[in-house]
There are 2 protein chains.
Amino acid sequence: MKVTSKQLAELCGVTRGTVDRALNNRPGISQETREKILKVAAEHGYRPDFLAQSLVKGHTKTLGVVLFDIHNRIFSQLFISFEAEARRQGYFIYLVLSSKDQELETEYIHSLLDRKVDGIALSPISMGANFEALLAKSRVPIITFGNRVSSKIPYVWIDDKNAIKDAVHHIAGKGYRRIIYVSPPLRFKGKSNIYVPEQRYKGFVEACSVMPELWHTVVSDSDYLASVLRLVQQSQEKLAILCSSDIYALDVLRYLESHGIRVPEQVGIMGCDNIDILNYVTPHLTTIDFQVDEIGRRSAAMLIDRIKGESIPSRTHVPYSIIDRDSL
Amino acid sequence: MKVTSKQLAELCGVTRGTVDRALNNRPGISQETREKILKVAAEHGYRPDFLAQSLVKGHTKTLGVVLFDIHNRIFSQLFISFEAEARRQGYFIYLVLSSKDQELETEYIHSLLDRKVDGIALSPISMGANFEALLAKSRVPIITFGNRVSSKIPYVWIDDKNAIKDAVHHIAGKGYRRIIYVSPPLRFKGKSNIYVPEQRYKGFVEACSVMPELWHTVVSDSDYLASVLRLVQQSQEKLAILCSSDIYALDVLRYLESHGIRVPEQVGIMGCDNIDILNYVTPHLTTIDFQVDEIGRRSAAMLIDRIKGESIPSRTHVPYSIIDRDSL
DNA sequence: CTGTTAGCGCTTTCAT
DNA sequence: ATGAAAGCGCTAACAG
């Protein structure tokens with residue numbers, strides 16, 4: 001079945017150059033021979049060899065996507081819209097999962113480069129000078145989301161700091177005067193890329209700093225569930241618990257409820273991300289929604305624009321909004 | 001930075017053949033020249049061009065994965081283990097999403113073939129003679145999961161029919177004498193590939209056929225929530241609702257509860273798939289768990305075995321088990 | 001041991 | 001309008 005352009009040439013009694021002109025309808029060929037070649041090609045189900053084409057053309061119409069986490073629904077949702085946009089523009093995607101392993105991430109990036117991808121979209125777990133150097137010398141356009149690397153590498157996400165700030169104000173606006181912020185450990189700072197959790201943390205701290213009447217504390221140890229419970233039990237006044245992500249919020253929610261504490265009657269909880277499983281959880285969690293589809297679509301579109309030689313902004317913020325539901 | 005083997009040859013004053021021998025440490029070269037070439041290669045950060053290699057070797061170390069649905073957690077979980085196994089064996093993956101669009105599915109398969117993937121793993125939404133012919137003439141190994149195409153195409157999944165049979169017996173064993181089965185519409189039979197829902201449905205029917213004392217009915221209309229509610233309200237006796245998937249079960253659960261019906265006090269619900277979000281839902285849903293990681297891992301492993309020329313079974317069933325929790 | 005040659009399948013420039 | 005030839009970067013068969 002598989003027939004090459006060379007064979008087509010023989011079949012038609014012409015040369016491969018002519019076949020090429022017909023196939024990619026380029027000038028310099030008579031209507032007659034063109035039609036004949038096209039006909040023979042169709043009869044034999046000719047399909048060009050993509051590898052050979054790529055080798056000579058110097059591009060592969062392929063994007064590499066490196067994700068550190070796909071268990072997190074955010075990233076699978078993001079991938080769906082990314083893939084759709086890429087396909088619309090004729091690109092295929094190598095999807096690789098770094099699983100938060102920095103060595104693996106680096107290895108994957110090298111392999112993608114070996115495979116001559118036209119661009120890379122990346123939720124990085126690495127950071128620092130070495131990593132930046134690796135990306136810089138890669139010579140292909142790169143875009144990031146879910147963690148920022150540096151101002152040199154375009155980044156598409158939400159404004160996490162302001163989102164959390166808004167959340168704090170939202171909570172204060174509800175009358176709460178005591179607030180706990182639950183965050184992943186930040187001690188990996190400098191070792192691993194934790195840009196997003198850091199920004200969110202900063203947002204919390206900054207918001208609180210302008211509201212001295214608001215008592216606040218941060219929980220980020222590995223045994224955070226027990227810590228939160230203790231704080232809740234010891235508090236004289238009703239607490240609000242703001243979590244840096246819905247996953248944390250859900251875990252806290254479950255844990256507190258299993259210890260007989262009712263939400264939102266005895267304590268308020270708020271998450272961030274608006275992951276789709278919230279629909280199935282009661283009480284409905286108050287959270288921050290951001291258009292993750294939009295992040296996927298735009299990062300694909302911008303990466304491709306960059307590949308085409310256009311320049312793209314170093315930072316793109318997608319809108320977010322607070323979804324006020326029943327847990328606060 | 002990018003240096004080719006030809007350039008290395010010049011730099012070392014040898015020919016590309018020799019460079020090749022050094023790089024792929026093959027016999028027929030002196031230790032001395034080998035070391036020299038390797039050293040120069042390292043200094044210049046030489047990396048072989050994967051496209052060129054693929055073109056000449058005739059394989060790409062790439063697998064195509066076609067998924068019709070990645071919103072369903074099952075498939076993202078499956079992908080994670082598939083990708084891990086593939087990577088372990090040096091394969092990269094093109095991930096494409098058909099979104100249950102048959103034309104798109106076909107187009108994607110063609111493109112993957114053009115790109116010379118070594119094998120394809122597929123959760124098919126198409127079926128029938130034309131589709132089988134397409135797969136047959138593709139000339140690359142194919143494996144399926146999440147819907148079966150035919151006995152010619154290896155299939156890795158659970159034994160859905162027996163799983164649902166077991167579920168029915170489990171429910172009967174709990175003392176229920178009335179049971180509703182909630183299924184997606186089966187009217188697309190013949191048009192679209194609905195192998196799995198069909199098998200599950202058959203399992204339900206077969207199980208009930210040997211238990212005449214068990215009153216049963218099937219709900220599969222588009223307004224199934226209202227239908228289920230009506231049945232529940234009209235029933236004199238406590239009903240069990242068996243759903244063909246956890247997603248349905250969750251929707252039914254929410255809907256009934258929003259209409260003041262308590263689970264499991266007034267009605268029992270059971271799902272299937274054990275998707276990970278069940279951890280966050282109360283009451284804890286009784287369901288059927290199957291090792292989806294194992295499906296991912298084994299389908300990758302088997303596909304690669306097949307690529308290597310080994311023969312693989314036409315059907316592989318992965319274990320399942322009933323998870324008895326609080327909703328029944 | 002090393003060099004030479006041919007070729008994977010396609011595109012592209014330069015003649016004719 | 002068509003043919004001839006070179007080349008993308010690598011591998012492989014055959015000489016020497």
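We name chains A, B, ... by the order of the sequence lines, and we start the count at 1 in each one. Source: prediction; values computed, not measured. Any value given below was found using the heavy atoms of this structure, including those in side chains, with hydrogens, waters and symmetry copies removed.
- Nucleic acid contact class of Pro27(A) (heavy atoms, under 4.0 Å, all strands): none.
- Proximity of Arg47(A) to the phosphate of dG9(C): no side-chain N or O atom is located under 4.0 Å from OP1 or OP2.
- Where Arg21(A) and Thr4(A) each meet DNA chain C at their nearest nucleotide, the meeting point lying more 5' is that of Thr4(A).
- The residue Arg26(A) sits close to a base: some heavy atom pair falls under 4.0 Å.
- Within the nucleic acid shown, Leu55(A) comes within 4.0 Å of at least one base atom, counting heavy atoms only.
- Distance, Gln53(A) CD to dC10(C) P: 7 Å, rounded to whole Å.
- Regarding contacts with the backbone of dC10(D), a side-chain N or O of Tyr46(B) is found under 4.0 angstrom from either OP1 or OP2.
- A distance-only check finds a donor-acceptor pair linking the side chain of Asn147(A) to the backbone of Tyr195(A) [under 3.5 Å].
- In this structure, Lys57(B) does not reach the dA12(D) phosphate: none of its side-chain N or O atoms is under 4.0 Å from OP1 or OP2.
- Within the 4.5 Å cutoff, side-chain heavy atoms of Arg115(B) are placed close to those of Lys61(A).
- Across Leu67(A) and Ser123(A), no two heavy atoms sit closer than the pair CA-OG, 3.4 Å.
- Spacing between atom CD1 of Ile37(A) and atom P of dA1(D) amounts to 13 Å, rounded to whole angstrom units.
- In terms of position on DNA chain C, the residue among Gly13(B) and Ala52(B) whose nearest nucleotide sits closer to the 5' end is Gly13(B).
- Classification of the Phe145(B)-Trp157(B) ring pair by plane angle, with boundaries at 30° and 60°, yields parallel.
- Here Ser30(A) lies in heavy-atom contact (under 4.0 Å) with sugar-phosphate atoms only.
- Residue Thr18(A) places none of its side-chain N or O atoms closer than 4.0 Å to OP1 or OP2 of dT2(D).
- Whole-Å rounding puts the Arg16(B) CZ to dG9(D) C1' distance at 7 Å.
- Among the heavy atoms of the strands lying under 4.0 Å from Thr33(B) are primed sugar atoms or P, OP1, OP2 only; no base atom is included.
- Between Lys6(A) atom NZ and dG7(C) atom C1' there is a gap of 7 Å when expressed in whole angstrom units.
- Between the Glu105(B) side chain and the Ser126(B) main chain, a donor and an acceptor come within less than 3.5 Å of each other.
- Across the protein-nucleic acid pair, His59(B) atom NE2 and dT11(D) atom P stand 10 Å apart, rounded to whole Å.
- The side chain of Val56(A) has dC8(D) as its nearest neighbour among dC8(D), dT4(C), dG9(D).
- Leu113(A) has its CG atom 15 Å from the P atom of dG9(D), to the nearest Å.
- Between Tyr94(B) and Tyr108(B), the gap from one ring centroid to the other reaches at least 6.0 Å.
- Remark: Ser54(A) is not in phosphate contact with dC8(D), judged by side-chain N or O atoms under 4.0 Å from OP1 or OP2.
- Atom CG in Asp20(A) sits roughly 4 Å away from atom P in dT11(C) (whole-Å rounding).
- One interatomic measurement links the two molecules: CD1 of Ile29(B) to P of dA12(D), which rounds to 15 Å at whole-angstrom precision.
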